[in-house]
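As structure tokens, the structure follows; a few thoughts come after it.
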Amino acid sequence: MWSAGDRRAAGPALLGLLLALLVRDGVASKTGVGLVTCGSVLKLLNTHHRVRLHSHDIKYGSGSGQQSVTGVEASDDANSYWRVRGGPEGGCARGAPVRCGQAVRLTHVLTRKNLHTHHFLSPLSNNQEVSAFGEDGEGDDQDLWTVRCPGQHWERAATVRFQHVGTSAFLSVSGEQYGNPIRGQHEVHGVASANSHSTWKAMEGIFIKPGLESSAGHDEL
């Protein structure tokens, strides 16, 4: 069902280096309040199933064969960090608050692939497969997700949804769990309608603030 990728995931030391580079020329907020900004690195918690959005260098053995995306219960897994970016044409200046209704890319920090979906069946629920796709942060137009949230901007304390631009599917967790080699991890998939399984909240991470002196800090990295 699964196949291992040719590239090995970077270790914790490389993750620390990547995060340090990301916060250069910015300031990382240490509090649990405020806005999610472009360029920030964060974990996303599914508020219904209490799992964090996760990926790793393990490919689906069916469907697209692309890098798998799952949900994990552990809060300290380095493979659960994602960077908030604009589309290929830009539109997400570093440190700018993400607007409700704005389309963004979520790039997996360790493997540099983008959160992606398309018309393949997910392995367990036979809904829409969600994968990680691209090379060095560049994929295609199926990597764009609209942030659905109340108000004007994506607030860190608020629950939000991610609706895929190309297929209109909502990023969701099915509740079904995989066996080996990723036993206990939850299936992440796309569904046609928003529901309680498709709500997410920003958790641990580095949140860039614009216009302040260069500094770095973090929550539980």
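Worth knowing before you read on, the calculation uses all heavy atoms, side chains too, and leaves out hydrogens, waters and symmetry mates. We're numbering straight along the sequence, starting at 1.
- The two residues His108 and Ser55 have their closest heavy-atom pair at NE2-O, 3.2 Å.
- The main-chain N or O of Phe207 is never found under 3.5 Å from a side-chain atom of Thr37 such that the two would form a donor-acceptor pair.
- For the atom pair SG (Cys38) and CZ (Arg83), the distance works out to 10.0 Å, reported to the nearest 0.5 Å.
- Taking CD1 of Ile208 as the start and CG of Leu35 as the end, the distance is 13.5 Å to the nearest 0.5 Å.
- With sequence neighbours left out, the side-chain contact (heavy atoms from CB on, under 4.5 Å) criterion links Ser168 to Gln163.
- In terms of heavy-atom proximity, Asn46 sits nearest to Trp200 at N-CE3, 3.4 Å.
- Atom OG of residue Ser80 and atom CZ of residue Arg52 lie 7.5 Å apart, to the nearest 0.5 angstrom.
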Item to check | Trace of the side chain to side chain contact (heavy atoms under 4.5 Å, CB included) decision for Leu42 with Met203 | outcome: CA-CA 6 Å; Leu42 76 168; Met203 297 297 288; over 6 Å; no
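- Note that the CG atom of Leu45 and the OG1 atom of Thr199 stand 8.5 Å from one another [nearest 0.5 Å].
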Next on the checklist: Before you tell me yes or no, could you show the steps for Glu204 and Ser75 under side chain to side chain contact (heavy atoms under 4.5 Å, CB included), namely the whole-Å CA-CA distance, both residues' side-chain angles and the distance that decides it to 0.1 Å?
Outcome noted: CA-CA 8 Å; Glu204 305 86 359; Ser75 62; 3.8 Å; yes
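- Here CG of Leu144 is found 12.5 Å from OG1 of Thr117. Values are rounded to the nearest 0.5 Å.
- Legend: residues meeting salt bridge (charged side-chain N to carboxylate O under 4.0 Å, His left out) with Glu176, ordered by chain and number and at least two apart, are absent.
- The hydrophobic cluster containing Val188 does not contain Val191, counting ILVMFWY residues as joined when their side-chain heavy atoms lie under 4.5 angstrom apart, directly or transitively.
- With hydrogens and angles disregarded, a donor-acceptor distance shorter than 3.5 Å links the side chain of Lys113 to the backbone of Gly134.
- Of all the heavy atoms in Asn126 and Leu121, the pair that sits closest is O-CD2, 3.5 Å.
- In this structure, the side chain of Gln102 engages the main chain of Gly91 through a donor-acceptor pair within 3.5 Å.
- Although no hydrogens or angles enter the test, the distance criterion places no donor-acceptor pair under 3.5 Å between the side chain of His54 and the main chain of Val72.
- Counting heavy atoms from C-beta outward, Phe120 and Ser131 have side chains that stay 4.5 Å or more apart.
- Side-chain atoms of Gln142 do not come within 3.5 Å of backbone N or O of His118 as any donor-acceptor pair.
- Across every non-hydrogen atom of Val173 and His49, the tightest pair is O-NE2, 3.3 Å.
- Side-chain atoms of Ser68 never come within 3.5 Å of backbone atoms of Lys59 as a donor-acceptor pair (strictly under, hydrogens ignored).
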Next on the checklist: The test is side chain to side chain contact (heavy atoms under 4.5 Å, CB included); show your working for Arg85 and Asn114 and say whether it passes.
Outcome noted: CA-CA 10 Å; Arg85 306 170 62 215; Asn114 296 323; 3.6 Å; yes
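- Using a 4.5 Å cut-off on side-chain heavy atoms (C-beta onward), Leu44 and Phe162 make contact.
- The aromatic rings of Phe133 and His116 sit tilted, their planes meeting at an angle between 30° and 60°.
- Judged purely by atom type and a 3.5 angstrom limit, Glu187 uses its side chain to pair as donor or acceptor with the backbone of Ser125.
- Here the side chain of Trp82 pairs a donor or acceptor atom with the backbone of Leu53 at under 3.5 angstrom.
- Thr167 is listed as a side-chain neighbour of His119, based on a closest heavy-atom distance under 4.5 Å.
- Follow the hydrophobic side-chain contacts under 4.5 Å out from Leu124 and you reach Ile182 in the same cluster.
- Here the side chain of Ser172 pairs a donor or acceptor atom with the backbone of His197 at under 3.5 angstrom.
- Note: the hydrophobic cluster containing Phe170 does not contain Leu106 (ILVMFWY, side chain heavy atoms under 4.5 Å, direct or indirect links).
- Once rounded to the nearest 0.5 Å, the distance linking OH of Tyr60 with CD of Gln67 reads 9.5 Å.
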Next on the checklist: Could you walk me through whether Thr111 and His56 satisfy the side-chain hydrogen bond (donor to acceptor under 3.5 Å, both in side chains) test, starting with their C-alpha distance in whole Å, then the side-chain angles of each, then the deciding distance to 0.1 Å, before giving a yes or no?
Outcome noted: CA-CA 7 Å; Thr111 63; His56 39 215; over 6 Å; no
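- By the neighbour-count criterion of 12 heavy atoms within 6.0 Å, atom CZ of Arg99 is sparsely surrounded, having that number or fewer from other residues, nucleotides or ligands.
- If you chain together hydrophobic residues whose side chains sit under 4.5 Å apart, Val160 and Leu171 fall into the same group.
- Taking every heavy atom of both residues into account, Lys201 and Thr47 meet most closely at CB-CG2, 3.9 Å.
- Between His186 and Gln177 the shortest side-chain heavy-atom distance falls below 4.5 Å.
- When atom types are taken as modelled, the side chain of Arg105 and the backbone of Gly86 share a donor-acceptor pair closer than 3.5 angstrom.
- Considering every non-hydrogen atom in both Arg148 and Gly101, the closest pair reads NH1-CA, 4.2 Å.
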